[in-house]
Asker: 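Below is the structure I would like to discuss, written out as structure tokens.
Hydrogens, waters and symmetry mates play no part in the numbers below; they use all other heavy atoms, side chains included.
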Amino acid sequence: MPSDSTLRLVWIYPDLLSTYGDQGNVLVLEQRARKRGIEVETVHVRSSDPVPESGDIYLIGGGEDRPQILAAQRLRKDGGLHRAIARGAAMLAVCAGYQIMGSTFGGEEGQPVDGIGLLDIASSRGPARAVGELVAEVDTSLNLPTLTGFENHMGVTHLGPGVKPLSRTLAGIGNGDGFEGCFAGHVVGTYLHGPALARNPALADLLLGWATGTTLSPIDDSWYDRLRKERLDAVMSR
């Protein structure tokens, strides 16, 4: 985080990829940062604008096929996101945004479309739409509780050696190989909606910790922990 102690959040292409309420991830980060006395500046970058390189956490959401293809084209041409991540910024990429981060993804007719190559993944069109609640057990190195969320996608995502699976699916489809999402460095990709950070505040705090380089003061999430346990019990008992 810069020396002026202002956390800079960058919400990428809300005019193209904000179909499933993923802007809620931005709001959660704003709220949890401010509860800890961290000043926050949020930049909404439309697809006609350059992606600034000075952000601390970048976020991109889900969307339909045509906006996804257009977003990938513009991000490849822009290059600002690559430079920001190379500098050490954190990122959360969700659903269509997650697929864009890889080498390829499935287009409107299932044809391969070039991604931006930020993550060592490749996605394609799956045999059936994955819709419903998703529960996944997180890689132990991240020290996070079980993730929950809602998935709605046609993608199958294959992970290369340059990334690690974010979590192992206990319910739902995720990547289609028994795992959900991936991470590399300070970049996280996931199919989780809900929005993801509202459903998983510990994941929000992981991103905030990476961005600030500090150990965050705790927030009382006991009310949410009870709600989360009820949701997990309901999904796993089906």
Side-chain angles (χ1 to χ4, degrees), residues 8-27 29 42-87 89-126 129-130 149-160 163 166 175 181-197 207:
R8 292 185 172 88
L9 307 179
V10 181
W11 177 227
I12 299 173
Y13 298 173
D15 54 328
L16 296 178
L17 298 175
S18 188
T19 304
Y20 301 111
D22 296 313
Q23 186 176 350
N25 292 321
V26 180
L27 302 178
L29 287 172
T42 300
V43 179
H44 290 223
V45 180
R46 296 182 64 83
S47 57
S48 58
D49 300 328
V51 177
E53 302 174 30
S54 59
D56 299 300
I57 304 177
Y58 291 76
L59 302 104
I60 189 168
E64 304 303 325
D65 292 339
R66 289 186 182 181
Q68 181 186 25
I69 293 169
L70 181 57
Q73 292 171 343
R74 295 192 174 183
L75 285 172
R76 285 199 310 272
K77 182 178 180 180
D78 181 89
L81 180 59
H82 280 81
R83 292 188 288 273
I85 298 304
R87 181 181 51 77
M91 182 171 191
L92 176 68
V94 175
C95 201
Y98 169 37
Q99 294 179 354
I100 285 172
M101 296 302 115
S103 59
T104 58
F105 59 91
E108 292 180 271
E109 303 299 327
Q111 77 278 16
V113 176
D114 288 340
I116 68 171
L118 193 61
L119 288 172
D120 186 14
I121 63 173
S123 300
S124 57
R125 187 70 64 92
R129 179 167 290 276
F150 186 83
E151 62 179 340
N152 183 1
H153 63 91
M154 284 286 293
V156 174
T157 298
H158 307 278
L159 309 188
V163 299
L166 175 62
N175 295 335
C182 75
F183 70 101
H186 291 170
V187 179
V188 173
T190 181
Y191 279 111
L192 292 174
H193 297 291
L197 299 187
L207 294 167

Asker: Does a side-chain heavy-atom distance below 4.5 Å link Val113 with Gln68?
Answerer: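 No, too far: nothing below the 4.5 Å cut-off.
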
Asker: Heavy-atom distance under 4.5 Å between the side chains of Ile12 and Leu17, does that happen here?
Answerer: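 Ile12 vs Leu17: side chains apart.
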
Asker: Look up atom NE2 in His153 and atom CD in Gln99, then write down how far apart they are to the nearest 0.5 Å.
Answerer: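 With rounding to 0.5 Å, NE2 (His153) is 8.0 Å from CD (Gln99).
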
Asker: For His82 and Gly117, which heavy atoms make the closest approach, and how far apart are they?
Answerer: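 Between these two residues, the closest heavy atoms are NE2-C, 4.2 Å.
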
Asker: Which heavy-atom pair separates Gly55 from Val10 by the least distance, and what is that distance?
Answerer: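 Smallest heavy-atom distance, with atoms named: CA-CG2, 3.8 Å.
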
Asker: Heavy atoms only: give me the nearest Gly21-Pro195 pair and the separation to one decimal.
Answerer: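 Reported closest heavy-atom pair: O-CB, 3.6 Å.
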
Asker: Can you list the residues that meet the salt bridge (Lys or Arg N to Asp or Glu O under 4.0 Å) rule with Glu108, with sequence neighbours excluded?
Answerer: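 If we apply the salt bridge (Lys or Arg N to Asp or Glu O under 4.0 Å) test to Glu108, skipping adjacent residues, the hits are Arg66.
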
Asker: By the ring-ring contact (aromatic ring centres under 6.0 Å, His included) test, which pairs, at least two apart or in different chains, include something from residues 48-79?
Answerer: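 Matches after skipping sequence neighbours: none remain.
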
Asker: Does a side-chain heavy-atom distance below 4.5 Å link Thr19 with His193?
Answerer: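 With C-beta onward as the side chain, the pair stays apart.
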
Asker: What's the separation between atom CG in Leu59 and atom CG in Asp22, rounded to the nearest 0.5 Å?
Answerer: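 If we round to the nearest 0.5 Å, Leu59:CG and Asp22:CG are 9.5 Å apart.
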
Asker: Who are the side-chain hydrogen bond (donor to acceptor under 3.5 Å, both in side chains) partners of Asp78, not counting sequence neighbours?
Answerer: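 If we apply the side-chain hydrogen bond (donor to acceptor under 3.5 Å, both in side chains) test to Asp78, skipping adjacent residues, there are no hits.
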
Asker: Quick check for you: to the nearest 0.5 Å, what is the distance between Leu197 atom CG and Asn25 atom CG?
Answerer: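 The distance works out to 4.0 Å.
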
Asker: Calculate, to the nearest 0.5 Å, the distance between atoms CG and SG belonging to Leu192 and Cys95 respectively.
Answerer: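 Here the interatomic distance stands at 9.5 Å.
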
Asker: Mind listing the closest non-hydrogen atom pair of Leu166 and Gly189 along with its distance?
Answerer: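 Minimum heavy-atom contact is CD2-O, 4.0 Å.
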
Asker: Do Phe105 and Ile69 pass the side chain to side chain contact (heavy atoms under 4.5 Å, CB included) test, and can you show the C-alpha distance, the side-chain angles, and the key distance before you say yes or no?
Answerer: CA-CA 9 Å; Phe105 59 91; Ile69 293 169; 4.0 Å; yes

Asker: Is the shortest side-chain heavy-atom distance between Leu118 and Leu75 below 4.5 Å?
Answerer: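 The answer is no, as the side chains (C-beta and beyond) never meet within the 4.5 Å cut-off.
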
Asker: Is a donor on one side and an acceptor on the other found under 3.5 Å between the side chain of Ser103 and the backbone of Gly115?
Answerer: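 Between the backbone of Gly115 and the side chain of Ser103 there is no qualifying donor-acceptor contact (under 3.5 Å).
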
Asker: Taking all atoms of both residues into account, what is the closest heavy-atom pair of Pro52 and Val45, and its distance?
Answerer: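 Closest pair (atom of Pro52, atom of Val45, distance): CD-CG2, 3.5 Å.
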
Asker: Say whether, by atom type as modelled, one donor and one acceptor occur between the side chain of Arg74 and the main chain of Ser47 under 3.5 angstrom.
Answerer: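 Present.
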
Asker: For atom CD of Glu109, decide whether the heavy atoms of other residues, nucleotides or ligands shown that lie under 6.0 angstrom number more than 12.
Answerer: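 For Glu109, atom CD is not crowded (no more than 12 foreign heavy atoms under 6.0 Å).
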
Asker: Atom CD1 of Ile57 and atom CG of Leu92: how far apart are they, to the nearest 0.5 Å?
Answerer: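 Between atom CD1 of Ile57 and atom CG of Leu92 there are 9.0 Å.
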
Asker: Roughly how far apart are Asp114 CG and Gln73 CD, rounded to 0.5 Å?
Answerer: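 It is 9.5 Å, given to the nearest 0.5 Å.
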
Asker: Under 4.5 Å between any side-chain heavy atoms of Val43 and Arg8, yes or no?
Answerer: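 With C-beta onward as the side chain, the pair stays apart.
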
Asker: Under the 3.5 angstrom rule, does the side chain of Arg125 hit a backbone N or O of Gln111 as a donor-acceptor pair?
Answerer: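 Not confirmed, Arg125 side chain does not pair with Gln111 backbone.
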
Asker: Please check if the number of heavy atoms outside Arg129 that lie under 6.0 Å from its CZ is greater than 12.
Answerer: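 Yes, CZ of Arg129 has more than 12 neighbouring heavy atoms, counting only those of other groups under 6.0 Å.
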
Asker: So Tyr191 and Tyr98, would you call those rings parallel, tilted or perpendicular, with 30° and 60° as cut-offs?
Answerer: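 Taking Tyr98 first and then Tyr191, their aromatic rings stand perpendicular (interplane angle over 60°).
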
Asker: I need the minimum non-hydrogen distance between Ala184 and Leu119, along with the two atoms involved.
Answerer: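 Nearest pair, atom of Ala184 first, then Leu119: CB-CD2, 4.0 Å.
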
